[in-house]
Each structure stands twice: as C-alpha cells, then as structure tokens.
Amino acid sequence: MVARRKVAVVGVALSDCGRVDDATPYALHAQAARRALADAGLDRSLVDGFASAGLGTLAPVEVAEYLGLRPTWVDSTSVGGSTWEVMTAHAADAIAAGHARAVLLVYGSTARADVRAGRRTGTLSFGTRGPLQFEVPYGHTLIAKYAMAARRHMIEYGTTIEQLAEVAVQARANAVLNPEAMFRTPVTVDEVLSGPMIADPFTKLHCCVRSDGGAAVLLVAGEYVRDCRTSPVWVLGSGESVSHAAMSEWPDFTVSPAAVSGRLAFERAGVRPAEIEVAEIYDAFTYMTLVTLEDLGFCGKGEGGAFVEKGRLRVEGGELPVNTDGGGLSAQHPGMRGLFLLVEAVRQLRGECGERQVRRSDGSPPRLAVASGTGGWFCSSGTVVLGAG
C-alpha cells in the first residue's frame, strides 16, 4: 500500500471585501487566487487541482478557465456554507492519495452590490420544488427556519434571548480588532435586543451582514512545503455530514450535523475539543454559533447559553476565542462563507492577525484550530481540524 502523503495549507487570502461596487464575482475570484498563490510563494503552474462552487453554469470549469487553469482534479460540491470545509476534506484526500499535488479552493461573490444595483433581490427562499414545496406556501423562509430552531432550543433548555445576543456582542468585540471588518462599533446586549425584528426571536443584529468579497485557500502535498514562503498549517482531520432538507425530516432542532462532522474530524485528527485553542464557526445567525459549540463538544447539550454569556468567545480574555475576525455577524458575509473560516484559522495559527491575534500564555500563537461550516438551514456540516507546522 502506498503511504498517504501529509497535506498542508500553504496559501490563504481574501479579495477586497465589504463594500465592493466595481468588481465582478469573477474578478474577486481572481484577486483572491492571485493573493493566495503569492502568499504561498508558488507559481500557478503547480496547481493541478481546483475546487469552486456558486458561480457559472459549469462551475468550476468556467472559473478555472477565467483563472487560466487546466486542472486534472476538480470538485464542485455545493452544500451551502459548509461547502469549503467539505471541499477541503475532499482535496486533502485527493492530495494524500496522489491524485493531485496542489489544490486551489476559490470563492467570490458580489451579493451586496448585486442587491444595491437591482441585479437580484434578497434571498427569501431556495425555490418551490422538491421537498421545499411543502414549506414555502407557509412563508417558511431561510431566516424563519433558523428562528424556529432557536426557539426550540430556548423552550427545551431555557436558553435566553440575552444569551443569544451575547454571541453578537462578542463577535462585534472581535471585529473591533479587525481593520478589515465591515462593522467595528461595539454593541451591547440591549442594542441587539432593541433592533428591528427580522424573524422572532432574531432582531437585525442576530443576523449576518450582507457583503461582497472572496477568499482562496491553497493546499499542497507535504513535499512542496519546503518551497513555500509561509509556515505550513497541516490538515489533521476532517468530517462531513448531512441532516435534512425538509424541516419535518429533522429529528431534533437542537442538534446540528456538526455533532457528526465534529466527532469524525476530532477522531481522525486524534485531538480532543478541549485541546482546541481557536474556533472559527459559521455564524449566519447567533443560534448557529451557540448550537455548534455544543455539538462540537465545547460544552454539553443545552449548556451553550451559559457557555457564551461569560465572554468566552472574545479574543481579549476569552477561554475559547471564536470567530476572531468578527465572523459573518460583523466582519463579512458574501454568501457561502465557509472559506473565510479557513483563512482566518490559518492566519491565527501562523500568528499573522495583528491586534486580534490569539496568544498562548507564553505569547506564542495557538497550535490547534477548528473550522466548522454549516450549510442550508443546518442541512449540512463540514469540520476541519488544523495544526500549526
């Protein structure tokens, strides 16, 4: 049997993000890809694997062509916000098996600019075909699905709206330290609670921002690490899981598919949740952060409210810094944000985050991080455990 190769992330980058009115999604893909390759110090000729989703009729063929790539390994898995953690798992397996030497993951979206320019409207539903046809007539929008799940957790475990608001408050506190975040003015629990109601119990600040932006991540086989200008961040383990499409098929609104993907990722990495020093968690809504923390094993089921209310998620003074860039709630959220989680996790492990850098007691950067993406309305999950080189 051929030995499986080690796999490292050697290049990460964001495109221009936030308010970008003068770029196309293709341009943001290209900008992020160029920056990630420059970050790694590698030439694009080494890239023989490519993964992308969300753009073009034949994704990722169109995007690869736009970037001047002719890959021999491709992935267009599209499972919402967890797409990129799932793609990372697929890419790592392909590299480890010798099917590719370097895989580039790229995403870009002008979601905010498109709404402003009237090129699209806000996404209220994902269509009326298939199992969704039984929910759409009742106005069961994407936000409503998350709101219903949050309300179930509140009823089941006594979770309070103030505890959910703490997630937004602490995400904003982290964004204050990030010069690239869209929103950097601190907020209080009272300000979160007094905002306009979007879907009960969610007010505006319980919901993610809408932004433009792109991201790219480059993974390579271990033997190419010596040619890179950056320190490697190793893919230690990953897991993926799907739960449901129709809400009626979701066995328990208080359990996300991260309960499965997280367990698999930690087992395969040989790491316990208690050893993780930084967590980047998909946060389209505050409840996502809370329930994912439970399902990844950072606290017990039903204990998420008490866990988050003590300031544990903050970069400054937090026991488990979460969404250190400010997350989708404050930094940026151009759609399928899972790739941004990986970029931030890698930068934290490399010690490149400036004022928002998480540090151990001896002043060194963290050694272990987890990125966990969620897709749809808790329909899918991908979790990746990363370790510093």
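Small disclaimer: the values here were computed from a predicted structure and weren't measured.
The shortest distance between side-chain heavy atoms of Pro273 and Arg263 does not fall below 4.5 Å. Between Arg347 and Val343, the closest side-chain pair of non-hydrogen atoms falls below 4.5 Å. Arg360 is not listed as a side-chain neighbour of Pro365, based on a closest heavy-atom distance of 4.5 Å or more. At least one side-chain heavy atom of Glu162 sits under 4.5 Å from a side-chain heavy atom of Leu193. Within the 4.5 Å cutoff, the side chain of Val308 has no heavy atoms near those of the Thr286 side chain. In this structure the side chain of Met154 never reaches within 4.5 angstrom of the side chain of Thr160, judged on heavy atoms. No side-chain heavy atom of Val167 sits less than 4.5 Å from a side-chain heavy atom of Asp283. The shortest side-chain heavy-atom distance between Arg210 and Val115 falls under the 4.5 Å cut-off.
Between Arg350 and Ser231, the side chains place no donor N or O within less than 3.5 Å of an acceptor N or O (distance only, hydrogens not considered). Donor-acceptor pairing under 3.5 Å is lacking for the side chains of Ser82 and Glu240. With no hydrogens or angles considered, a side-chain donor-acceptor pair links Ser364 and Asp362 at under 3.5 Å.
The nearest pair of heavy atoms linking Val235 to Thr88 is CG2-CG2, 4.5 Å. Considering every non-hydrogen atom in both Ala173 and Arg314, the closest pair reads CB-NH1, 3.2 Å. Residue Met87 comes nearest to Ser52 through the heavy atom pair CE-O, 3.5 Å, listed as atom of the first residue, atom of the second, then distance. Considering every non-hydrogen atom in both Ser211 and Met182, the closest pair reads CB-SD, 3.2 Å. Here the shortest heavy-atom pairing between Leu264 and Gly239 reads CB-CA, 4.0 Å. Scanning both residues, Thr289 and Ile281, for their nearest heavy atoms gives CA-CG2, 4.1 Å.
By the 6.0 Å contact criterion, CD on Glu316 is open, its count of non-hydrogen atoms from other residues, nucleotides or ligands being 12 or less.
Salt-bridge formation is detected for the pair Asp93/Arg4: a Lys NZ or Arg NE/NH1/NH2 atom is positioned less than 4.0 Å from an Asp or Glu carboxylate oxygen.
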task = Begin from the C-alpha positions of His153 and Tyr287 and carry the test ring-ring contact (aromatic ring centres under 6.0 Å, His included) through to its verdict.
result = CA-CA 9 Å; His153 199 281; Tyr287 177 59; 5.5 Å; yes
task = Verify side-chain contact (heavy atoms from CB on, under 4.5 Å) between Val9 and Leu342, making sure each step is shown before the conclusion.
result = CA-CA 9 Å; Val9 178; Leu342 292 161; over 6 Å; no
key: Pair Ser248-Phe134, side-chain contact (heavy atoms from CB on, under 4.5 Å): steps then yes or no   = CA-CA 10 Å; Ser248 61; Phe134 302 108; over 6 Å; no
ask   = Please walk me through it: do Phe202 and Phe285 pass ring-ring contact (aromatic ring centres under 6.0 Å, His included)?
value = CA-CA 8 Å; Phe202 295 149; Phe285 305 97; 5.5 Å; yes
task = List the steps and the verdict of side-chain contact (heavy atoms from CB on, under 4.5 Å) for Arg112 and Asp21.
result = CA-CA 8 Å; Arg112 173 203 151 273; Asp21 292 314; 2.9 Å; yes
request  = Decide side-chain contact (heavy atoms from CB on, under 4.5 Å) for Asn323 and Glu280; before the verdict, give the C-alpha distance in whole Å, the side-chain angles of both, and the deciding distance to 0.1 Å.
outcome  = CA-CA 5 Å; Asn323 297 338; Glu280 307 297 341; 3.7 Å; yes
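The backbone N or O of Arg356 sits less than 3.5 Å from a side-chain atom of Gln348, completing a donor-acceptor pair. Although no hydrogens or angles enter the test, the distance criterion places no donor-acceptor pair under 3.5 Å between the side chain of Gln332 and the main chain of Asp212. For the pair Trp84 (side chain) and Met336 (backbone), a donor-acceptor distance under 3.5 Å is present. Here the side chain of Arg101 pairs a donor or acceptor atom with the backbone of Leu46 at under 3.5 angstrom. The backbone N or O of Asn178 lies less than 3.5 Å from a partner atom in the side chain of Arg184, making a donor-acceptor pair. For the pair Arg44 (side chain) and Leu67 (backbone), a donor-acceptor distance under 3.5 Å is present. Judged purely by atom type and a 3.5 angstrom limit, Arg226 uses its side chain to pair as donor or acceptor with the backbone of Glu223. A donor-acceptor contact shorter than 3.5 Å is absent between the side chain of Asp114 and the backbone of Arg119. For Glu191 (side chain) and Thr188 (main-chain N/O), a donor-acceptor pair under 3.5 Å exists by modelled atom type. Judged purely by atom type and a 3.5 angstrom limit, Glu135 has no side-chain atom pairing as donor or acceptor with the backbone of His140.
For the pair Arg19 and Phe183, the distance from NZ or CZ to the six-membered ring centre is under 6.0 Å and the angle to the ring normal is within 45 degrees.
Distance check, rounded to the nearest 0.5 Å: CD of Glu352 to CG of Asp39 gives 6.0 Å. Taking OG from Ser76 and CG from Leu58, the interatomic distance works out to 9.5 Å, rounded to the nearest 0.5 Å. In this structure, the separation between CD1 on Ile198 and CD1 on Ile143 is 6.5 Å, given to the nearest 0.5 Å. Leu177 contributes atom CG, which lies 5.0 Å from atom CD of Glu355 (distance to the nearest 0.5 angstrom). Taking CD of Glu275 as the start and CZ of Phe266 as the end, the distance is 9.5 Å to the nearest 0.5 Å. Once rounded to the nearest 0.5 Å, the distance linking CZ of Arg337 with OG of Ser109 reads 13.0 Å.
Leu218 and Tyr107 fall into different hydrophobic clusters, where Ile, Leu, Val, Met, Phe, Trp and Tyr are joined by side-chain heavy atoms under 4.5 Å apart, directly or via other members. If you chain together hydrophobic residues whose side chains sit under 4.5 Å apart, Phe340 and Val209 never meet in one group. Cluster annotation: Leu293 is connected to Phe253 through the hydrophobic network of ILVMFWY side chains, with a link wherever side-chain heavy atoms come within less than 4.5 Å. Placement of Leu349 and Leu14 within a single hydrophobic cluster is found when ILVMFWY residues are connected by side-chain heavy-atom separations under 4.5 Å, directly or transitively. By the criterion of side-chain heavy atoms lying less than 4.5 angstrom apart, applied directly or through intervening Ile, Leu, Val, Met, Phe, Trp or Tyr residues, Leu42 is grouped together with Val106 in one hydrophobic cluster.
In this structure, Tyr146 has its ring center closer than 6.0 angstrom to the ring center of Phe378. A ring-centre distance under 6.0 Å is found for His333 and Tyr282.
Scored by the side-chain contact (heavy atoms from CB on, under 4.5 Å) test, Ser194 finds no partners at all (sequence neighbours excluded).
Screening Leu69, Leu55, Leu104, Val74 for a side chain to side chain contact (heavy atoms under 4.5 Å, CB included) involving Pro60 leaves a single residue, Val74.
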Scan the side chains in residues 382-389 for donor-acceptor partners under 3.5 Å anywhere in the protein, sequence neighbours excluded, and list what turns up.
| from | atom 1 | to | atom 2 | distance (Å) |
| --- | --- | --- | --- | --- |
| Thr383 | OG1 | Ser261 | OG | 2.8 |
| Thr383 | OG1 | Ser372 | OG | 2.9 |

Which pairs would a plain distance check flag for residues 295-307, meaning a side-chain donor or acceptor within less than 3.5 Å of a matching protein atom at least two apart in sequence or in another chain?
| from | atom 1 | to | atom 2 | distance (Å) |
| --- | --- | --- | --- | --- |
| Asp295 | OD1 | Lys301 | NZ | 2.8 |
| Asp295 | OD2 | Ser256 | N | 2.7 |
| Asp295 | OD2 | Ser256 | OG | 2.8 |
| Lys301 | NZ | Thr254 | O | 2.5 |
| Lys301 | NZ | Glu294 | OE1 | 2.9 |
| Glu303 | OE1 | Gly300 | N | 3.0 |

